[in-house]
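Worksheet: one structure, shown below.
Please read all numbers here as calculations on a predicted model, not as lab measurements.
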Amino acid sequence: MGFIGDTVESIRSIQIRQVLAQIISLGMIVTSALIIWKGLMVATGSESPVVVVLSGSMEPGFKRGDILFLHMSKDPIRTGEIVVFNIDGREIPIVHRVIKVHEREESAEVDILTKGDNNFGDDRLLYAHGQLWLHQHHIMGRAVGFLPYVGWVTIIMTEKPFIKYLLIGALGLLVITSKE
Amino acid sequence: MHSFGHRANAVATFAVTILAAMCFAASFSDHFNSPSPTASVKILNINWFQKEANGNDEVSMTLNISADLSSLFTWNTKQVFVFVAAEYETPQNALNQVSLWDGIIPSKEHAKFLIHTTNKYRFIDQGSNLKGKDFNLTMHWHIMPKTGKMFADKIVMTGYRLPEQYR
């Protein structure tokens, strides 16, 4: 029959039910990952419940590649807490510690100043031009838990996309070829 | 049936499960530690006290900070972040917290300390309310674990008062 004939024959021999079952199980994996992520968002009240530390500005407490679990409760922000905040015009959120808090009497609005443990000065240089304080709407969550090293997986995958495609390809191949 | 892939998968899954269980157990064991830290802060001198050009009061002081935080350390403690904050009320603000000094304690051996320092961060009010102001000095600590949940607590020290006049 020759090489091409063999290949056509082997493709034809794949049963349609098996293929469908594999597609469904792949879909189950993807949707359950999504369910877990969205469930965490609801449980913690933070739009990104898990963040990876990208810089060394909180060393030696948090190193690059560590994972932080965030929680966004109704409790007011106080000094010493480690918060994740977004600055207007900056894409990547920052994880730093609160060093000053001024809370208004009647409106309960807060002025917050942050600093990285490993940085020499406070964060006013990182804030938007002319911004002196952070406010409640900048805060995405406060860090409540910590897991070392696990975040390296995402750092490697974002910095070396080749490895990401290799991994996705290998996993896809594994799903397609597995016979169970 | 028992191909290399299956065995590798089983071993990896088992290893990750055990690791997760150990991380959880290590973090949970922190709950059994009931620490008894002590702290005292003295204001040795008000170095200067003035109103800035923009109308905000600023004060510089020399502090004597002593504490024994060694009971906070467990086998799951990576470090303890400790800081002293001035806390006070003003007519405009229900709460003002200004960190004056902070430090990182890397190990139990360094957890008993006595430090003589001027305030590391500027003590600036929002407005001009600091003359004769009563305030608290609070020693806060945040325990950073090797893995798991972070803990925080504080000791509030009351009865501090700023001078009636700028100097």
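- When the side chains of ILVMFWY residues are joined at heavy-atom separations under 4.5 Å, either directly or via intervening members, F81(B) and I99(A) end up in two distinct hydrophobic clusters.
- Linking Ile, Leu, Val, Met, Phe, Trp and Tyr residues whenever their side-chain heavy atoms come within less than 4.5 Å places V50(A) and V52(A) in a single cluster.
- Minimum heavy-atom separation, H102(A) to V98(B): CE1-CG2, 4.1 Å.
- Considering only heavy-atom pairs separated by less than 4.5 Å from chain A, the leading option among E89(B), K120(B), R122(B) is R122(B).
- Contacts of Y166(B) classified as side chain to side chain contact (heavy atoms under 4.5 Å, CB included), with partners at least two apart in sequence or in another chain: F49(B), K51(B), D57(B), S128(B), K131(B).
- Note on V83(A) and Y127(A): same hydrophobic cluster, where clusters join Ile, Leu, Val, Met, Phe, Trp and Tyr whose side-chain heavy atoms are under 4.5 Å apart, directly or indirectly.
- With rounding to the nearest 0.5 angstrom, the OH atom of Y121(B) is 3.0 Å from the NZ atom of K115(A).
- Here E159(A) pairs with R64(A) under the salt bridge (Lys or Arg N to Asp or Glu O under 4.0 Å) rule; sequence neighbours left out.
- Using a 4.5 Å cut-off between heavy atoms, P106(B) makes no contact with chain A at all.
- Side-chain atoms of K100(A) do not come within 3.5 Å of backbone N or O of S99(B) as any donor-acceptor pair.
- Heavy atoms of I82(A) lying under 4.5 Å from chain B belong exclusively to its side chain.
- Looking at P60(A), both its backbone and its side chain come within 4.5 Å of chain B, counting heavy atoms on both sides.
- Under a cut-off of 6.0 angstrom, the local environment of CD in E47(A) is sparse, with at most 12 non-hydrogen atoms contributed by other residues, nucleotides or ligands.
- Other residues, nucleotides and ligands contribute at most 12 non-hydrogen atoms within 6.0 Å of the CZ atom of R17(A).
- Residues from residues 139-158 of chain B that place a non-hydrogen atom less than 4.5 Å from a non-hydrogen atom of chain A comprise H140(B), H142(B), M144(B), P145(B), K146(B), T147(B), G148(B), K149(B), M150(B), given in numerical order.
- For R78(A), the parts sitting under 4.5 Å from any heavy atom of chain B are the backbone and the side chain alike.
- Looking only at distances, no side-chain donor or acceptor of E103(A) sits under 3.5 Å from a matching main-chain atom of L95(B).
- Clustering ILVMFWY residues whenever any of their side-chain heavy atoms sit less than 4.5 angstrom apart, transitively, puts Y149(A) in a cluster other than the one holding M157(A).
- Hydrophobic clustering of Ile, Leu, Val, Met, Phe, Trp and Tyr side chains at less than 4.5 Å, counting indirect connections, unites I115(B) with V41(B).
- Within 6.0 Å of CD1 in I92(A) there are 12 or fewer heavy atoms belonging to other residues, nucleotides or ligands.
- If you measure heavy-atom distances from T90(B) to chain A, the contacts under 4.5 Å come from the backbone alone.
- Separating the CD1 atom in I104(B) from the CG atom in D117(A) is a distance of 5.0 Å, to the nearest 0.5 Å.
- Comparing Q126(B), E87(B), Q92(B) by heavy-atom pairs within less than 4.5 Å of chain A, the highest count is held by Q126(B).
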List the atom pairs, with distances to 0.1 Å, where a side-chain N or O of residues 134-147 of chain A and a protein N or O form a donor-acceptor pair under 3.5 Å, not counting sequence neighbours.
residue	atom	partner	partner atom	Å
H135(A)	ND1	V110(A)	O	3.0
H135(A)	ND1	D111(A)	OD1	3.2
H138(A)	ND1	H135(A)	N	2.9
R142(A)	NH1	E81(A)	OE1	2.9
R142(A)	NH1	E81(A)	OE2	2.9
R142(A)	NH2	D75(A)	O	2.7

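- The neighbour count for Q131(A) CD, taken as heavy atoms of other residues, nucleotides or ligands under 6.0 Å away, is above 12.
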